[in-house]
Amino acid sequence: MANTQSPRAGTTPPDSQPVIELVGGRKTYRSGSIEFEAMRGVDVTVNRGDYVAITGPSGSGKSTLMNILGCLDVLTAGEYRLAGHVVADLDETDLALLRNEEIGFVFQQFHLLPSLSAQRNVELPLVYRGVPRAERHRRALRALERVGLGDKAANRPGEMSGGQQQRVAVARALVGEPALLLADEPTGNLDSTSTNDVLALFDDLHEQGRTIVLITHEVEVAERAERQIHMRDGLVEELSLSKAGAR
Ligand SMILES: Nc1ncnc2c1ncn2[C@@H]1O[C@H](COP(=O)(O)OP(=O)(O)OP(=O)(O)O)[C@@H](O)[C@H]1O
Ligand SMILES: [Mg+2]
């Protein structure tokens, strides 16, 4: 993949431009003749360096919103801009490139490949991007060191604790230097010690200026973020400064 094909090439937005701009976002799911409006007009702006938690009860539309923000699904109505790009205007190839370059994903279930070492797992986004092998190795190791797992580079996921696996997933999300770290229930499968490890890592990343959007139903997790977006029945109910904002 030539760099000149990148939707970002030559159009890298200024730092002042929001990473996420969702205006009037609606999402209707259709199964046969049945329709369900999971998002009913949602506006969300996330600026560079923001740390935002999306909270809300089960079924309120958090993952629906996350799938839109991560360009894993498309809006039924409204407009979504990611790093200045109108997502609906991109074809599949450009969308895949934009997703690969601008977003690092962290999921509740880690989604690591069990047969690959930690280092190989972390390299994957760079493989898709065509980065040469030696550089991939080097950058993956650096990302693992950054999450405190330099000594586990050769271990497979099955040889690591849940918290360590999630930190590998965070390293994989960061290795490509994306504009945005998007995490759906990243601590949902972790015990309290590992949850604290991962949250401490997010705090560090936030201090380093990363943009983080995290979905959680856990109040203690949400309170670590600067801002909380609360969802209820497909609508954003409130935007409030959490305690962390005043720390
Ligand atoms: N593919 C789909 N087809 C039909 N309805 C769907 C689909 N995906 C989600 N929904 C519905 O949309 C609503 C919002 O779902 P969503 O997964 O966004 O909720 P959530 O807030 O992430 O919940 P949870 O906390 O349980 O993960 C739910 O009522 C759900 O049943
Ligand atoms: Mg969900």
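What you see is a predicted model, and the numbers here were worked out from it, not measured in a lab. Counting starts at 1 for both ligands and their atoms, following the listed order. Side chains included, hydrogens not; waters and symmetry mates left out as well; all remaining heavy atoms used.
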From Ser63, does some N, O or S atom reach closer than 2.8 Å to the Mg ion (ligand 2)?
->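 Within the cut-off used here (under 2.8 Å), Ser63 does place an N, O or S atom near the Mg ion (ligand 2).
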
Suppose I only count heavy atoms of [X] and a 4.0 Å limit; which atoms of ligand 1 are within that range?
| X | result |
| --- | --- |
| Thr64 | 14 (C), 15 (O), 16 (P), 18 (O) |
| Gly61 | 14 (C), 18 (O), 19 (O), 20 (P), 21 (O) |
| Pro57 | 21 (O) |

Tell me, which protein residue and heavy-atom name are nearest [atom], and how many Å apart are they?
| atom | value |
| --- | --- |
| atom 17 (O) of ligand 1 | Ser63 CB, 3.7 Å |
| atom 4 (C) of ligand 1 | Tyr29 CB, 3.3 Å |
| atom 26 (O) of ligand 1 | Ser58 OG, 2.6 Å |

Salt bridge or not for [X] and [Y], using N-O below 4.0 Å?
| X | Y | answer |
| --- | --- | --- |
| Glu79 | Arg81 | yes |
| Arg227 | Asp50 | yes |
| Arg26 | Glu37 | yes |

Distance flag for atom 30 (C) of ligand 1, protein heavy atom under 4.0 Å =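 So atom 30 (C) of ligand 1 lacks protein heavy-atom neighbours under 4.0 Å.
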
Any protein heavy atom nearer than 4.0 Å to atom 10 (N) of ligand 1 |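 Yes, there is one.
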
Under 3.5 Å, is there a donor-acceptor pair linking the side chains of [X] and [Y]?
| X | Y | answer |
| --- | --- | --- |
| Ser63 | Asp184 | yes |
| Ser194 | Gln166 | no |
| Gln119 | His137 | no |
| Tyr29 | Thr76 | no |

Is any N or O atom of [X], backbone or side chain, closer than 3.5 Å to an N or O atom of ligand 1?
| X | value |
| --- | --- |
| Lys62 | yes |
| Gly59 | yes |
| Ala38 | no |
| Glu185 | no |

Nearest-0.5 Å distance that lies between atom CZ in Arg224 and atom CG in Leu199 =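 These two atoms lie 4.5 Å from each other.
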
Residue that, paired with Leu182, satisfies side chain to side chain contact (heavy atoms under 4.5 Å, CB included) out of Leu69, Ile215, Val106, Ile212 |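 For Leu182, the side chain to side chain contact (heavy atoms under 4.5 Å, CB included) test succeeds with only one of Leu69, Ile215, Val106, Ile212, which is Leu69.
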
Under a heavy-atom criterion of less than 4.0 Å, does Ser60 contact ligand 1?
->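 For ligand 1, residue contact (heavy atoms, under 4.0 Å) with Ser60 is present.
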
